[in-house]
Amino acid sequence: MKEYKINDTYVSAINEDKDGYMYIGFFLEGGVLRLNPKTKEFENYKTTSSKSNNISSNSIKAINEDKEGNMWIGTRYGLNKFNPNTKEFTNYTTKDGLPNNTVYGILFDKQSNPWVSTNLGISKLDIKSNKFQSLGITDGLQSNEFNGNAYFQNKEGEFFFVGINGLNAFYPEDIKQSSFNTKVEFDEFNVDGKIYKIINGKKFKSNENNISMNFFLPSYKNTGKIRYYYKLENTESEWYLNLKDAEWNSSENNSVVYSNLEPGNYEFNVVARNNNGSFSIQNNVKFTIEKPFWKSNTALLLYAVIIIIAIYYYINRMKRLDKLVYKRTSQLRNEMEKNNKLLNKVIQLEKNKNNYFVNLSHELRTPLNVINGTRQLITELNKKEEGISKSKINHYMNVIDKNSKRLLNLINNIIDSTKLQSDQYIVNLENHDIVYIVEETALGLRDYIENKGIELIVDPEIEEKIIQCDNYEIERCIVNLIGNAIKFTPSGGKIEVIIKDLDDKVMISIKDSGIGIEEKFHKSIFDRFNQVIDANAEVKGGSGLGLTITKQIIQLHKGSIYVESEVGKGSNFIIILQEKIK
Ligand code: ADP
């Protein structure tokens with residue numbers, strides 16, 4: 001045996017299969033050796049070998065081959081079937097219904113069912129139903145205890161099993177299993193302190209999960225010990241769904257207690273076996289332990305709904321926030337654009353103001369330069385012996401007078417426009433004939449106009465129209481407009497002054513055939529800081545204040561002024577005044 005690395009030298013069983021393999025069983029702890037006597041190849045099967053389905057014990061009592069070629073091995077702990085093709089063992093112990101785990105002998109009946117002698121009688125394994133049927137002393141056996149290596153089957157198929165009180169010889173087909181047709185009955189159930197007679201089909205709350213059950217055999221002819229085999233299966237558990245068979249528990253007690261059962265559908269099965277190994281009729285009971293509300297399907301549905309609502313709300317909120325952010329961003333962008341425009345306008349205004357003041361300074365300096373130059377001339381001439389002639393003095397005084405007036409006029413205009421701008425200017429509104437005022441003012445300038453080679457036409461459509469106005473201020477406006485017309489109309493041109501009645505209003509038009517004004521300046525010429533049209537305004541003696549003052553005066557009369565003009569064709573300044581100012 002050392003050759004085969006087996007220390008156990010006590011061979012207890014030996015058999016040869018139909019293929020010529022030798023099966024050698026060892027008594028102590030050597031397991032089974034499967035040997036090919038020709039090749040000397042061998043395998044040793046023990047409980048510890050790395051295979052998944054091992055032999056149930058290393059102490060061998062019997063080895064026998066069935067008609068199918070399976071080797072049946074009796075051990076000190078259970079019966080084993082060895083399939084030489086798969087080299088796998090199937091174990092049978094008391095858990096599977098074997099009356100006792102010490103198996104002394106193995107014989108086969110005509111149906112190839114193994115019959116085994118044990119320490120608790122003889123037992124037959126019905127290979128079809130995979131259930132054991134047992135014979136005990138009450139069935140006529142010499143004793144329940146049998147001996148090792150003491151079994152034999154003669155050619156007629158008769159079985160011989162030897163035990164401590166002698167020999168049993170029988171034909172297996174003569175043995176009629178004395179099954180006891182009694183059914184295990186349930187006595188009562190205790191569910192968390194509450195007693196029930198029947199619980200089949202009952203549903204218990206999740207906290208009613210401590211159950212004890214009492215069962216009994218109503219009549220039993222054999223008075224020996226009864227063993228109950230039972231199992232409780234949760235048909236909802238993952239374990240059950242994986243289609244594993246629950247193990248049967250066994251006890252001599254006729255009651256069982258289950259504590260803290262998980263929620264689920266339960267099936268409890270119970271069967272009794274008498275000491276012959278005969279089984280009673282099985283009984284079962286089914287009951288349910290419900291899930292707690294928070295685990296129930298309704299609760300799960302509720303959670304799902306809440307989660308969906310929360311997600312929906314969240315997405316919606318994000319969308320709303322997005323929209324809000326988008327709205328705010330575009331608002332901000334608009335505001336920024338507005339501010340930018342405003343800023344550009346202010347910058348432009350500042351530039352214009354600057355321009356205006358530069359122009360104005362030139363305007364103020366020109367007459368002052370002339371006055372100063374004339375003074376120097378007079379002083380120089382006066383240094384000479386002959387002095388200055390009377391006519392020259394008169395000429396120079398005239399020049400000084402003209403320029404002083406121009407300067408004064410300019411300063412008055414500046415003061416007036418500032419006053420007008422700050423609403424400090426007062427107009428004296430009284431009833432006046434507007435036709436008379438306009439006509440007289442225009443005719444007063446006739447000589448001057450005609451001297452410039454320009455024709456003046458004054459053409460009122462009405463003879464008289466009394467309106468509320470300040471005659472002095474209106475005259476000033478007319479002078480301003482005719483003055484501009486003269487300035488911008490070359491000789492040979494024409495100036496027309498027209499007055500029209502518009503019922504409760506009156507229209508005054510001063511039209512010239514001069515150089516005209518580009519359309520883009522039609523509005524800005526009425527704003528002193530926007531007087532940027534004519535770079536040569538200074539040459540022509542303009543301060544950019546005339547139209548500004550005129551417009552402001554007309555506005556104080558609640559009237560309006562605008563221009564219609566085309567470059568090269570001339571301009572038409574139109575004033576509309578109210579008959580009565582409310
Ligand atoms: P200024 O004292 O410089 O003439 P105004 O306010 O009277 O200032 O006129 C503003 C500008 O409008 C002028 O500088 C000129 O360019 C233009 N303007 C005014 N009247 C006429 C007109 N009749 N024909 C052409 N341009 C005119």
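Computation of the quantities below employed the complete heavy-atom set of this structure, encompassing side-chain atoms and omitting hydrogens, waters and symmetry-equivalent molecules.
Asn372 has its side chain out of reach of Leu368: every pair of non-hydrogen atoms, C-beta onward, lies at least 4.5 Å apart. Residues Gln282 and Tyr229 fail the side-chain proximity criterion, which asks for heavy atoms closer than 4.5 Å. Taking the side chain as every heavy atom from C-beta outward, Asn53 and Thr90 never approach each other to under 4.5 Å. The shortest distance between side-chain heavy atoms of Ile549 and Arg476 falls below 4.5 Å. Within the 4.5 Å cutoff, the side chain of Ser251 has heavy atoms near those of the Tyr230 side chain. Taking the side chain as every heavy atom from C-beta outward, Ile426 and Asp470 never approach each other to under 4.5 Å. Side chains of Glu267 and Asn234 form no contact here, defined as non-hydrogen atoms less than 4.5 Å apart. Residues Thr298 and Leu302 are not in side-chain contact: their nearest non-hydrogen atoms beyond the backbone lie 4.5 Å or more apart.
Tyr472 OH: 12 or fewer foreign heavy atoms inside a 6.0 Å radius. Atom CD of Gln331 is surrounded by more than 12 heavy atoms from other residues, nucleotides or ligands within 6.0 Å. For Glu386, the CD atom counts as densely surrounded, since its 6.0 Å shell holds more than 12 non-hydrogen atoms of other residues, nucleotides or ligands. The 12-atom threshold is not exceeded at CZ of Arg317, counting heavy atoms of other residues, nucleotides or ligands nearer than 6.0 Å. More than 12 heavy-atom neighbours from other residues, nucleotides or ligands sit within 6.0 angstrom of OH on Tyr303. Around atom CD1 of Ile198, no more than 12 heavy atoms belonging to other residues, nucleotides or ligands sit under 6.0 Å away. The local environment of CD in Glu185 is crowded, with over 12 non-hydrogen atoms from other residues, nucleotides or ligands closer than 6.0 Å.
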Check your understanding: Under the side-chain contact (heavy atoms from CB on, under 4.5 Å) criterion, do Val506 and Ile576 qualify, and how do the steps go?
Key -> CA-CA 6 Å; Val506 65; Ile576 311 279; over 6 Å; no
Point to revise | Audit row: Val563, Leu547, side-chain contact (heavy atoms from CB on, under 4.5 Å) steps and yes/no | key: CA-CA 11 Å; Val563 67; Leu547 287 179; over 6 Å; no
Point to revise | Tyr436 and Asn471: CA distance, side-chain angles, deciding distance, side-chain contact (heavy atoms from CB on, under 4.5 Å) verdict | key: CA-CA 10 Å; Tyr436 177 77; Asn471 58 337; over 6 Å; no
Practice item. Starting from the C-alpha separation in whole Å, work towards a yes-or-no answer on side-chain contact (heavy atoms from CB on, under 4.5 Å) for Thr374 and Asn403. Key: CA-CA 10 Å; Thr374 314; Asn403 281 285; over 6 Å; no
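Side chain of His522 to main chain of Ile517: a donor-acceptor pair is present (N/O by atom type, distance under 3.5 Å, no hydrogens or angles). In this structure, the side chain of Asn382 does not engage the main chain of Gly387 through any donor-acceptor pair within 3.5 Å. Checking side-chain atoms of Asp512 against main-chain N and O of Ser571 turns up a donor-acceptor pair under 3.5 Å. Checking side-chain atoms of Asp192 against main-chain N and O of Asn209 turns up a donor-acceptor pair under 3.5 Å. Checked by atom type and distance alone, the side chain of Ser565 pairs as donor or acceptor with a backbone atom of Gly570 at under 3.5 Å. With hydrogens and angles disregarded, a donor-acceptor distance shorter than 3.5 Å links the side chain of Thr235 to the backbone of Asn265. The closest donor-acceptor contact from the side chain of Gln468 to the backbone of Ile581 lies under 3.5 Å.
Taken from CZ in Phe521 to CG in Asp527, the straight-line distance is 13.0 Å, to the nearest 0.5 Å. The distance from atom CD1 of Ile393 to atom CD1 of Ile378, rounded to the nearest 0.5 Å, is 4.5 Å. Here the CG-CG distance, from Leu556 to Asn428, works out to 12.0 Å after rounding to the nearest 0.5 Å. Interatomic distance, Ile553 CD1 to Ser417 OG, rounded to the nearest 0.5 Å: 10.5 Å. Going from atom CD1 of Ile437 over to atom CD1 of Ile474 covers 7.0 Å, rounded to the nearest 0.5 Å. Atom CZ of residue Phe573 and atom CD of residue Glu564 lie 11.0 Å apart, to the nearest 0.5 angstrom.
Listed here is the closest heavy atom pair of Ser56 and Asn91: N-ND2, 3.6 Å. Between Phe215 and Val184 the shortest heavy-atom distance is CB-CG1, 3.8 Å. Shown here for Tyr258 and Phe268, the closest heavy-atom pair between the two residues is OH-CE1, 3.6 Å. When every heavy atom of Pro292 is checked against every heavy atom of Pro263, the shortest pair comes out as CD-CG, 4.0 Å. Residues His557 and Leu577 approach most closely at CB-CD2, 3.8 Å, considering heavy atoms. Minimum interatomic distance between Thr489 and Lys494 (heavy atoms only, all atoms of both residues): CG2-N, 4.1 Å.
Only one option out of Asp501, Asp433, Asp504 pairs with Lys465 in a salt bridge (charged side-chain N to carboxylate O under 4.0 Å, His left out); it is Asp501. Screening Glu496, Glu440, Glu439 against Val458 for a side-chain contact (heavy atoms from CB on, under 4.5 Å) leaves a single residue, Glu439.
Using modelled atom types and a 3.5 Å distance limit, the side chains of Asn409 and Arg406 yield no donor-acceptor pair.
For Lys383 and Glu380, the salt-bridge test passes: some basic side-chain N is under 4.0 Å from an acidic carboxylate O.
Between Phe204 and Tyr196, the distance from one ring center to the other falls under 6.0 angstrom.
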